[in-house]
Amino acid sequence: MTPKPAGPPDGVWGWVVAAAAFAVNGLSYGLLRSLGLALPDLAEHFDRSAQDTAWVSALALAVQQAASPVGSALSTRWGARPVVMVGGVLTSLGFVFSAFARSLLHLYLGLGVLAGSGWALVFAPALGTLSRYFSRRRVLAVGLALTGNGASSLLLAPALQLLLDNFGWRGALLLLGSITLHLTPCGALLRPLALPGDPLGPPRSPLAALGLDLFTRRAFLVFALGTALVGGGYFVPYVHLAPHALDRGLGGYGAVLVVTVAAVGDAGARLLCGWLADQGWVPLPRLLAMFGALTGLGLLAVGLVPVVGNEESWGGPLLAAAGAYGLSAGSYAPLVFGVLPGLVGVGGVVQATGLVMMLMSLGGLLGPPLSGFLRDETGDFTASFLVCSSFILSGSFIYMGLPSALPSCRPASRPGTPPPERGELLPSPQVALLPPGGPHSTLDSTC
């Protein structure tokens, strides 16, 4: 038998896993964000409203996020490699089936249910496996993988439009089915890794397989509640930032520039924050609470930007606010996954990743409809962004209940490296501020 390594290898094959996770993120969330380009063609072909066709992508996103714990549970039982490979096949079949759709119902079943289920099987196992391969550079690796979303959107959006112009929506979906089949070789790259913190056997019950027993840990329960609240406002700019820019008096190209500035800031901040977090200068829970609060303040600034003079204006204040929001939101993204191994240990990180996706989907399903309702009632998006920023600020306040989120008044020297099965937060600075009881005073996890 191959002996278990003392800890995550922190590199070597881990960078191959990071590349696979990058591609998985791009072929799931990146493609899902670009799919809206095909909705006008679908509405015209089936003679249905934009609202009816919008349910295609909305249903795919809802199934992908809500079913993520199922992908984590199957990965815990059978391993991430076969689960992600099967998920790639299901996603491809969903696109191929939808290419022959005779009604919107077929698209709901093909893209919404079948492809959404396939995406649910690939993202959480891939990202959870990546976290197991790294320790000191874990957040940087996660941030690198999460940039696949933005990079894929920049490539797939014009490519999809080109396919629609030349082959129609049926040909485009058929070719996208062949592209998403590349999720299968990405899954083949997820080599299994045995670590000391792994359970001795498979879960004995469905609840344990889904990881629901993690909610019995105080630290993870605090994290879950904060993440659900943050999700209530985090996804609103994805949907309503461009309409908000138009309401503020910007022209079409000005609104596109606002969204682009936010997206570029988001992508760059994911790598920069990943590097910063891995230096160990500040505990991860403290960074999580801080950048979560900055995200809420950035969203607040976006909502309070005044109306510009005319459509030819580039809207400098709104560009600055959108850039600040993009930087803070991008910094938050790798932290919310990078902190998980410290809360639940490497043995439960795959299950915890699936639960995080489900929790953010609950908030994500609430935030955009609430924002749209407030816009209809008030006439603009000011109240929408103010309310949604309050969700993010509330969640960030709850994060302050995590271990080491708040500084202590008692300095201590750096403790020895704890066993990974304890779920210790990584990494620790040279001179750490620890809870009054010392490095082992917190039952769930410590820094």
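At least one side-chain heavy atom of F100 sits less than 4.5 Å from a side-chain heavy atom of V96. The shortest distance between side-chain heavy atoms of H244 and L318 falls below 4.5 Å. In this structure, the side chains of F223 and V356 come closer than 4.5 Å at one or more pairs of heavy atoms. For the pair Y325 and L297, the minimum side-chain heavy-atom distance is 4.5 Å or more. A 4.5 Å side-chain heavy-atom check between L27 and H182 finds at least one atom pair inside the cut-off. Side-chain contact between D278 and R136 is absent, with no heavy atoms from C-beta onward closer than 4.5 Å. Inter-residue side-chain proximity for L335 and C273 is flagged as met; some heavy-atom pair is nearer than 4.5 Å. Counting heavy atoms from C-beta on, the side chains of L300 and I392 never come closer than 4.5 Å.
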Would you please test R191 and Y133 for side-chain contact (heavy atoms from CB on, under 4.5 Å) and show each step? CA-CA 10 Å; R191 180 186 296 171; Y133 267 88; 3.5 Å; yes
Do F123 and Y29 pass the ring-ring contact (aromatic ring centres under 6.0 Å, His included) test, and can you show the C-alpha distance, the side-chain angles, and the key distance before you say yes or no? CA-CA 9 Å; F123 183 81; Y29 280 102; 5.1 Å; yes
Worked check of side-chain contact (heavy atoms from CB on, under 4.5 Å) between S68 and M358: CA-CA 6 Å; S68 287; M358 182 186 69; 5.6 Å; no
Working for side chain to side chain donor-acceptor pair (under 3.5 Å), residues S103 and Y108: CA-CA 9 Å; S103 66; Y108 293 156; over 6 Å; no
With side-chain contact (heavy atoms from CB on, under 4.5 Å) as the criterion, how do V142 and L146 come out once you've worked through the C-alpha distance, each side chain's angles and the decisive distance to 0.1 Å? CA-CA 6 Å; V142 171; L146 293 179; 4.0 Å; yes
Show, in sequence, the C-alpha distance, side-chain angles and deciding distance for L74 and R77, and conclude whether the side-chain contact (heavy atoms from CB on, under 4.5 Å) test is met. CA-CA 5 Å; L74 295 175; R77 179 63 180 85; 5.8 Å; no
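Scanning both residues, V350 and S72, for their nearest heavy atoms gives O-OG, 2.9 Å. Between L393 and A293, the shortest heavy-atom distance links the atoms CD2-O, 3.4 Å. The two residues P237 and F385 make their nearest non-hydrogen contact at CG-CE2, 4.3 Å. Shortest non-hydrogen contact noted between A352 and V344 is CB-CG2, 4.0 Å.
Remark: the backbone N or O of A99 is paired with a side-chain donor or acceptor of R170 at under 3.5 angstrom. Under a 3.5 Å cut-off, the side chain of R81 and the backbone N or O of A188 do form a donor-acceptor pair. Looking only at distances, a side-chain donor or acceptor of T129 sits under 3.5 Å from a matching main-chain atom of P125. A donor-acceptor pair is defined here as one N or O able to donate and one able to accept, closer than 3.5 Å; no such pair exists between the side chain of Y399 and the backbone of G292. For T53 (side chain) and L42 (main-chain N/O), no donor-acceptor pair under 3.5 Å exists by modelled atom type. Judged purely by atom type and a 3.5 angstrom limit, T147 uses its side chain to pair as donor or acceptor with the backbone of L144. At distances below 3.5 Å, not a single donor-acceptor pair connects side-chain atoms of S92 with backbone N or O atoms of V89. A donor-acceptor pair is defined here as one N or O able to donate and one able to accept, closer than 3.5 Å; such a pair exists between the side chain of N25 and the backbone of A145. In this structure, S390 contributes its side chain and V387 its backbone to a donor-acceptor pair below 3.5 Å. Between the side chain of T295 and the main chain of S328, a donor-acceptor pair closer than 3.5 Å is present.
Looking at residues two or more places apart in sequence or on another chain, you find a ring-ring contact (aromatic ring centres under 6.0 Å, His included) between F381 and H240. Partners of F337 according to the ring-ring contact (aromatic ring centres under 6.0 Å, His included) rule, which considers only residues two or more places apart in sequence or in another chain, do not exist here.
Under the 30°/60° scheme for interplanar angles, the aromatic rings of F97 and H106 are found to stand perpendicular.
There is no side-chain donor-acceptor pair under 3.5 Å between Y332 and S396.
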Kindly list each side-chain donor-acceptor pair under 3.5 angstrom involving residues 160-169, sequence neighbours excluded, with atom names and distances?
{"residue": "Q161", "atom": "NE2", "partner": "D165", "partner atom": "OD1", "Å": "3.1"}
{"residue": "N166", "atom": "ND2", "partner": "L162", "partner atom": "O", "Å": "2.7"}

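By the 6.0 Å contact criterion, CZ on F215 is enclosed, its count of non-hydrogen atoms from other residues, nucleotides or ligands being greater than 12. Counting heavy atoms of neighbouring residues, nucleotides and ligands inside a 6.0 Å radius, atom CZ of F397 does not exceed 12 of them.
Here F134 and W15 bring their ring centres to under 6.0 angstrom of each other.
The line from CG of L176 to CG of L181 is 12.5 Å long, rounded to the nearest 0.5 Å. Between atom CG of residue L386 and atom CG of residue L304 there is a gap of 5.0 Å, rounded to the nearest 0.5 Å. In this structure, the separation between CZ on F391 and CG on L299 is 11.5 Å, given to the nearest 0.5 Å.
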